[in-house]
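Comments concern the structure below.
Order of appearance sets the numbers: ligands from 1, and atoms from 1 within every ligand. Nothing fancy with the numbering, it's 1 onward along the sequence. Values below: all heavy atoms of this structure, side chains included; hydrogens, waters and symmetry mates excluded.
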Amino acid sequence: MINELLPELTPKIAAFRRDIHAHPELAFNEKRTAEKVGDYLEGLGLEVHRGIARTGVVAKLSCGGGGGAIGLRADMDALPLKELNTFPHHSTHDGRMHACGHDGHTAMLLGAAEALSRLRDFDGTVYFIFQPAEEHEGGGRVMVEEGLFERFPMDMVFGLHNWPGLPAGSFGVTEGPVMAGTDRFEIEITGHGGHAAMPHQAVDVVLAGSALVQALQSLVSRNTDPLDSAVVSVTRFHAGHADNVLPETALLGGTVRTFNGELQDALEEGVRRICTGIEATYRVGIDLRYERGYPPTVNAAAPCEIAREVAQHVASDGLVYLQLPPSMGAEDFAYMAKVVPACYVWLGNGPGEGGCMLHSPHYDFNDEIIATGIRYWVRLVERALAL
Ligand code: NI
């Protein structure tokens, strides 16, 4: 039983967590972390694959003859942030910090790998996925592009993130969208500059840009189902220097956020369509640079049902939130969830007192939730790959 292993396992995993907290590494440079992770997994006798998406590690554990397979994913990277905590395990690398708890995610998944390899109370294959570069750089996307799911076929994949503000050891399990998709765009409009008194001899980029801003607002208000959530914001509009000169160019920029992949596609298409229309209508040239960020993270029904059931068994005081609103933050687990049915849950990290919030220089992962996290992973595997 997992509960008998935890008194021995938890302090060891907490010590591992504090060690990597003290040695944070940034996106795709998690060399020391990945080496320690790989060595730990090899020490358990698992089949270990290193160097996927540069510093990513995948380990395989099979038990019985079952053909089912699932993946459990943790992230390993830290943030470019100066830690302001002074406790003994504070960062030893100036300007780098585990301010999002990926140290805790990595350590808990290692704890689960050890427990599962000792208990062997399931039937099938579990892949432990340690990904690099969750923050901004899309290490999850690179793993998928490098054939994660072809090399390691799995029926479902699960992710977990600690969540300050939720009671320690509680869970948030939400079916459907949990994290937003975030895109950004920059639009350069080119016309013909001229005298403000003779606009007929110029091509006015200020007028074209104003019409563009207005038209972009129709994407959400007139082109999106009112029951879907989306934001299109133009946040920059730079043009002109003088009261009597019509400028030659205007530069606009902004962001698009959604909780639905199809809507994300439709909004990009809409931004492009409107730019083309404004070009024709106002005789300007438009250069649109539309940059796709992380897609929305969407939890599928079947893995979500399993996660919910398991969370209800292992949560502190049985506290499981099923109706939390999704976060406008983004998460690159989304790239995995686009390919394989997935569920990404929040594990309460306790109150955000003293600035203990994600990406804060005062943040620290709460070691008291390690046992709950390990128990969640172990039970999840035993439930999804039941004997
Ligand atoms: Ni994070």
**Phe16/Tyr40 aromatic ring centres below 6.0 Å** = yes

**Request:** In sequence, state the C-alpha distance, the side-chain angles, and the governing distance for Glu262 and Asn260, and then conclude on side-chain hydrogen bond (donor to acceptor under 3.5 Å, both in side chains).
**Result:** CA-CA 6 Å; Glu262 283 169 32; Asn260 168 334; 5.6 Å; no

**Message:** Return all protein N, O or S atoms below 2.8 Å from the Ni ion (ligand 1), chain by chain in residue order.
**Reply:** Cys100 SG, His102 NE2, His161 NE2

**Request:** Among Asp364, Asp103, Asp19, find the one that has a side-chain hydrogen bond (donor to acceptor under 3.5 Å, both in side chains) with His89.
**Result:** Asp364

**Request:** Would you check if there is a donor-acceptor pair between the side chains of Asp183 and Tyr290 at a distance under 3.5 Å?
**Result:** yes

**Message:** For the aromatic rings, using the six-membered ring if either is Trp, is the centroid distance between Phe333 and His161 under 6.0 Å?
**Reply:** no

**Message:** Looking at Arg96 and Glu25, is there a salt bridge between them, counting it only when a charged N and a carboxylate O are closer than 4.0 Å?
**Reply:** no

